[in-house]
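So you know, we letter chains A, B, ... as the sequences are listed, proteins then strands, and number each from 1. Computed over heavy atoms, backbone and side chain alike; hydrogens, waters and symmetry mates excluded.
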There are 2 protein chains.
Amino acid sequence: MAGNIKFGKRLRELREAKLKNNPKFTLRKFAESVGISPTFLSKVERGEFDPPKAEKIIKMAELLEIDSDELLSLAGKVDPELEKIIKEQPTALPDLLRTVRGMSEAELRRLTQRARDKEDG
Amino acid sequence: MAGNIKFGKRLRELREAKLKNNPKFTLRKFAESVGISPTFLSKVERGEFDPPKAEKIIKMAELLEIDSDELLSLAGKVDPELEKIIKEQPTALPDLLRTVRGMSEAELRRLTQRARDKEDG
DNA sequence: ATGACTGTTTAGTATTAAGTAAACGTTCTA
DNA sequence: TAGAACGTTTACTTAATACTAAACAGTCAT
């Protein structure tokens, strides 16, 4: 119930942009497509309620045709799929994450590229 | 309430090993040190209740003088600190994790070592 | 044979997250 | 001037997680 206004503002912005050329993006209709009540969406968009759970946020991102990581991040949540990935390597991946903590985004991108190279080659 | 017997069995094993040369590790006293009731610990150790939340598991690992990742992993949980790390790089780290998914532990260790080298050098 | 300490059982409670139904005032259209 | 649709408000609900207090039965030392 604390309310995250950044998430809400961005969501309304994205939804209203879509609404301009698609009448399926009214608050009521969008809420229905996502699987939540208009009541709840209204309050979330105005920061009166916390963002919905990750699953609903991912659904929203799909409908809005954007990358779900942006909305998840604004909501202060992490894609639950990442938790699954970590659980598949429950000692090596925590170690990796703790090691890369503090690295810049560019460094992380280079490391990711190197990991990808390994996979392919 | 499902009950995770592997976590419980291992916990009891570790606690009873400690108890052999330290009377502070009875079920009641250990429960108190961790900050949970003996009722709850008894049921958790016998797999009748789900493991406690991550924070309590980490406290247990400290008291037992073991690496918390083992217990967290048995409990099917992830160190909440990792979520914080991901949120610090909310696009690069999800990408990295999705990229390394499926890599063997040895490969992950090599990658971690490379990340560490970069940091130091 | 009592008191002190075990772990266990019975019977629940507390907290938090994640929402909802229905009515309301406003605007737009027919 | 009625009907339909919009976003909002009021007043609660539901579901899951994470536990707890108190009584109980067994063991051990005194």
Side-chain angles (χ1 to χ4, degrees), chain A residues 1-5 7-60 63 71-72 74-80 83, chain B residues 1-5 7-60 63 71-72 74-80 83:
Chain A
M1 226 199 238
N4 177 334
I5 191 54
F7 175 83
K9 278 192 87 165
R10 182 74 179 125
L11 177 59
R12 175 153 292 190
E13 195 173 289
L14 290 162
R15 183 180 60 76
E16 287 184 339
K18 279 290 202 181
L19 180 57
K20 278 179 186 162
N21 43 345
N22 189 334
K24 291 281 169 205
F25 285 86
T26 67
L27 185 147
R28 280 167 184 271
K29 288 182 189 145
F30 183 63
E32 198 190 352
S33 304
V34 171
I36 59 179
S37 66
T39 302
F40 185 44
L41 180 56
S42 174
K43 297 200 170 239
V44 167
E45 286 192 355
R46 285 170 303 108
E48 206 177 312
F49 273 8
D50 279 335
K53 56 184 178 184
E55 174 194 76
K56 308 279 188 182
I57 294 176
I58 290 167
K59 180 75 182 170
M60 286 174 171
L63 293 166
L71 281 183
L72 285 167
L74 284 172
K77 312 217 178 202
V78 156
D79 184 348
E83 207 173 290
Chain B
M1 221 197 240
N4 177 335
I5 190 56
F7 175 83
K9 280 193 85 164
R10 181 74 179 128
L11 177 59
R12 175 152 293 189
E13 196 173 289
L14 290 162
R15 182 180 61 77
E16 288 185 340
K18 280 289 202 180
L19 179 58
K20 279 178 185 160
N21 42 349
N22 188 334
K24 292 280 168 206
F25 285 85
T26 67
L27 184 145
R28 281 167 183 273
K29 287 180 188 145
F30 184 62
E32 198 189 354
S33 306
V34 171
I36 59 179
S37 68
T39 303
F40 185 44
L41 179 57
S42 174
K43 297 202 170 237
V44 167
E45 287 192 354
R46 285 170 303 105
E48 206 176 314
F49 273 7
D50 278 336
K53 57 184 178 185
E55 171 195 81
K56 309 279 186 183
I57 294 176
I58 290 168
K59 180 78 184 167
M60 286 174 171
L63 293 165
L71 281 184
L72 284 167
L74 285 171
K77 311 215 182 207
V78 156
D79 185 347
E83 209 173 288

How close do A:Val44 and A:Pro51 get, heavy atom to heavy atom, and via which atoms?
CG1-CA, 4.1 Å
Round to the nearest Å and state the distance from A:Lys43 atom NZ to D:dT10 atom C1'.
7 Å
Set out, in order, the CA-CA distance, both residues' side-chain angles and the distance that settles side chain to side chain contact (heavy atoms under 4.5 Å, CB included) for B:Phe30 and B:Met60, then state yes or no.
CA-CA 8 Å; B:Phe30 184 62; B:Met60 286 174 171; 3.8 Å; yes
What are the two closest heavy atoms between A:Pro52 and A:Ile57, and how far apart are they?
O-CD1, 3.3 Å
Interatomic distance where CG belongs to B:Leu41 and C1' belongs to C:dG7 [whole Å]:
10 Å
Taking the side chain of A:Arg12 as heavy atoms from C-beta outward, which of C:dT9, C:dT8, D:dG7 is closest to it?
D:dG7
As a test of reading the structure: which of C:dT8, D:dG7, C:dA18 is closest to the side chain of A:Leu27, going by heavy atoms?
D:dG7
Correct closest heavy-atom pair for B:Gly35 and B:Lys56 would be O-NZ, 3.1 Å
For the pair made of CZ in B:Phe25 and P in C:dC5, what is the distance, rounded to whole Å?
19 Å
Whole angstrom value for the distance that separates P of C:dA17 from CZ of A:Phe40:
12 Å
Nearest whole Å is fine: how far is D:dT8 C1' from A:Glu48 CD?
9 Å
Look for any protein N or O under 3.5 Å of an N or O in nucleotides 21-28 of chain C and output each such pair with its distance, or none.
residue : atom : partner : partner atom : Å
C:dA21  : N7   : A:Thr39 : OG1          : 3.4
C:dA21  : N6   : A:Thr39 : OG1          : 3.0
C:dA22  : N6   : A:Thr39 : OG1          : 3.1

Between atom CZ in A:Phe49 and atom C1' in C:dT16, what is the gap in whole Å?
13 Å
Can you check whether B:Lys77 has a side-chain N or O nearer than 4.0 Å to OP1 or OP2 of D:dA18?
yes
Considering non-hydrogen atoms only, spot the tightest contact between A:Leu27 and A:Pro38 and give its length.
CD2-O, 3.5 Å
Remember a base hit wins even if backbone is also touched, and classify A:Lys24 as base, sugar-phosphate or nothing at under 4.0 Å, heavy atoms.
nothing
Which of the following nucleotides, C:dG7, C:dG19, C:dT9, is nearest to the side chain of A:Ile36?
C:dG19
Rounding to an integer number of Å, can you tell me how far B:Phe7 CZ sits from D:dA18 P?
12 Å
By nearest atom, which of the nucleotides C:dG19, C:dG7, D:dT9 is closest to the A:Lys56 side chain?
C:dG19
5' priority, DNA chain C, between A:Pro52 and B:Arg46 [closest heavy atom]
B:Arg46
Could you grab the distance from atom NZ of B:Lys59 to atom CG of B:Leu71, nearest 0.5 Å is fine?
14.5 Å
Give a yes/no answer on whether the side chain of B:Lys29 brings an N or O atom under 4.0 Å of OP1 or OP2 in C:dT6.
yes
From CG of A:Leu19 over to P of D:dG7, roughly how many Å is that when rounded to an integer?
7 Å
What N/O pairs connect the protein and nucleotides 27-30 of chain D at under 3.5 Å? Give each pair on its own line.
none

Any side-chain heavy-atom pair from A:Asp50 and A:Lys77 closer than 4.5 angstrom?
no
Output every pair passing side-chain hydrogen bond (donor to acceptor under 3.5 Å, both in side chains) with a member in residues 27-46 of chain B, not counting sequence neighbours, ordered by first then second residue.
B:Arg12-B:Glu45, B:Arg15-B:Glu45, B:Ser42-B:Arg46, B:Lys43-B:Glu48, B:Arg46-B:Glu48
Taken to the nearest 0.5 Å, the spacing of A:Leu41 CG from A:Leu11 CG works out to 6.0 Å
Looking at A:Lys18, I want to see if its NZ is surrounded by more than 12 non-hydrogen atoms of other residues, nucleotides or ligands under 6.0 Å.
yes
